[in-house]
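Whatever order the structure lists ligands and atoms in, that order sets their numbers, starting from 1.
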Amino acid sequence: MKKILITGALGQIGSELTVALRKKYGTENVIASDIRHSASKVAEEGPFYSIDVTNPETIRPVIIKHDIDTIFHMAAILSATGEKDPHLCWNVNMNGSINILDLGVKYGMKRIVIPSSIAVWGKGVPRENTPQESVLKPTSMYGITKVAGELLCDYYVAKYGLDCRGLRYPGIISSETLPGGGTTDYAVEIFYEAVKKNYYNCFLDENTVLPMMYMPDCIKATIDLAEADFDNLIHHSDFNVASMSFDPKTLANEIKKHLPDFKIEYNPDSRQQIADSWPQSIDDTSARQEWGWTPDYDLTSMTRDMISNLIAKHEKGLI
Ligand code: NAD
Ligand code: AKB
């Protein structure tokens, strides 16, 4: 990985992945891109391009100009936004991914990373410790694109010998960039609202257990998989990665240890149905065996870190 392109680099994960990759591989070697522009570290402290992944002619010139050999394809439409606009979700997630894969073949890309999600699951699987190999019957458009995306990557590995890899991320929790329209977003919003208002109106029921992961572990998993020796990989695009699982009530109680006056109410909306179709915990034995995955954070250490980061931002007037 010498010259890296990141799509969707202004998003929740892309914004922190860009910073981590620039630190490791050099700022000039990590080209960020997104369909939108924002005054941010990612866009201002290194190369940045406006790219629409549904239009390969916006991607091609950047690949040629920078002699890109690796792509982290983070541009996507997430579950809640996807249910509001299923055609947009299909177009960005499916056509965006096949464009990246085709350009990967054409320009001899050394490696492509395309994330998947716990959204690949639906009915017909054990919801606890959901196995790596299991029935994939999602009920959301987002989940359908993630299953098809995994299959597409495996097809390009088998048919063209393209080195394409991916992880089934759980809900990602972070304090740098707000999430972009998912069902697990409550687990980020709750921290912002707790620090700012000591109150959160939760859109999921108090007993909704979902798998989650703190951003430093997400970045570590993404880079470790990208750097893993291809010969050691049995799987490619669909690695389960687990870290912690909890429900909103348990998270609220953990937050109260730091902010004792914090109050929460529960008013489930349409996102509850999506959450109810996803696993509560997943089995990540393959990731541990094939490329040495192990998380650093649990609920206690993640909560401590989130509260401390957001209090610092609040005191500076940044949130
Ligand atoms: P996000 O919504 O925060 O960011 C996505 C970015 O893609 C946004 O900045 C958006 O502007 C950009 N984008 C949208 N349409 C585009 C287009 N046509 N062309 C170029 N850019 C476009 O998403 P994220 O949370 O950073 O997710 C990154 C990847 O990880 C996605 O594949 C997502 O499905 C996956 N994932 C995320 C989570 C999570 O909890 N954040 C969990 C599971 C999987
Ligand atoms: C979402 O909720 O849509 C994402 C995901 C788990 O894929 N955070």
Rounded to the nearest 0.5 Å, what separation is found between the OH atom of Y49 and the CD1 atom of I31?
6.5 Å

dist M212:CE -> D217:CG (nearest 0.5 Å) comes out at 14.5 Å

Looking at [X], which atoms of ligand 1 are within less than 4.0 Å of one of its heavy atoms?
| X | value |
| --- | --- |
| M74 | 5 (C), 28 (C), 29 (C), 31 (C) |
| L10 | 9 (O) |
| D52 | 17 (C), 18 (N), 19 (N) |
| I35 | 11 (O), 13 (N), 16 (C), 17 (C), 18 (N), 19 (N), 20 (C), 21 (N), 22 (C) |
| G171 | 40 (O) |

Using a 3.5 Å cut-off on N or O atoms only, is [X] in polar contact with ligand 1?
| X | value |
| --- | --- |
| S117 | no |
| V92 | no |
| I172 | yes |
| Q12 | yes |
| Y142 | yes |
| Y169 | no |
| I13 | yes |

Provide, to 0.1 Å, the distance between [atom] and the closest protein heavy atom, together with that atom's residue and name.
| atom | result |
| --- | --- |
| atom 5 (C) of ligand 2 | S117 OG, 3.5 Å |
| atom 14 (C) of ligand 1 | A76 O, 3.9 Å |
| atom 12 (C) of ligand 1 | D34 OD1, 3.3 Å |
| atom 32 (O) of ligand 1 | K146 NZ, 2.8 Å |
| atom 3 (O) of ligand 2 | S79 OG, 2.5 Å |
| atom 19 (N) of ligand 1 | V53 N, 2.9 Å |
| atom 23 (O) of ligand 1 | L78 CD1, 3.4 Å |
| atom 8 (N) of ligand 2 | T184 OG1, 2.7 Å |
| atom 2 (O) of ligand 2 | T183 N, 2.6 Å |

Please verify whether a non-hydrogen atom of [X] lies at under 4.0 Å from ligand 1.
| X | answer |
| --- | --- |
| H73 | no |
| G181 | no |
| T7 | no |

Counting only N and O atoms by type, is there a donor-acceptor contact under 3.5 Å from the side chain of [X] to the main-chain atoms of [Y]?
| X | Y | result |
| --- | --- | --- |
| R22 | V42 | yes |
| R111 | A226 | yes |
| K146 | P115 | yes |
| N93 | I77 | yes |
| R168 | Q132 | yes |
| T7 | A75 | yes |
| D69 | K3 | yes |

Geometry only, no angles: is D185 polar-contacting ligand 2 at N/O separations under 3.5 Å?
no

Indicate yes or no: does an N/O atom of Y169 lie under 3.5 Å from an N/O atom of ligand 2?
no

Test salt bridge (charged side-chain N to carboxylate O under 4.0 Å, His left out) applied to K106 and D102, step by step
CA-CA 6 Å; K106 171 134 183 81; D102 282 340; over 6 Å; no

Do the side chains of D261 and K263 get close enough for a salt bridge, i.e. N-O under 4.0 angstrom?
no

In ligand 2, the atoms that come under 4.0 Å of a heavy atom of I118 are 6 (C)

Using a strict 4.0 Å cut-off to heavy atoms of Y142, name the atoms of ligand 2 that fall inside it.
3 (O), 5 (C), 7 (O)

If you count heavy atoms of other groups shown closer than 6.0 angstrom to [atom1] of [X], is the number above 12?
| X | atom1 | answer |
| --- | --- | --- |
| K196 | NZ | yes |
| Y25 | OH | yes |
| E227 | CD | yes |
| K41 | NZ | no |

Identity of the nearest option to atom 4 (C) of ligand 2, non-hydrogen atoms only, from L78, I77, I13, V188
L78

Who's closest to atom 42 (C) of ligand 1 heavy-atom-wise, of G182, G11, P170, S116?
P170

Specify side chain, backbone, both or neither for R168, according to which of its non-hydrogen atoms lie closer than 4.0 Å to ligand 1.
neither

Would you mind telling me if ligand 1 is within reach of the side chain of I51, the backbone, both or neither, using heavy atoms under 4.0 Å?
backbone

Only one of T300, D298, D305, L299 clears side-chain contact (heavy atoms from CB on, under 4.5 Å) with M302; which?
L299

Show the numbers, then the answer: is there a salt bridge (charged side-chain N to carboxylate O under 4.0 Å, His left out) between K197 and E193?
CA-CA 5 Å; K197 301 182 192 147; E193 297 303 292; 2.8 Å; yes

Check the angle between the aromatic planes of Y142 and W278 and answer parallel, tilted or perpendicular using the 30° and 60° thresholds.
tilted

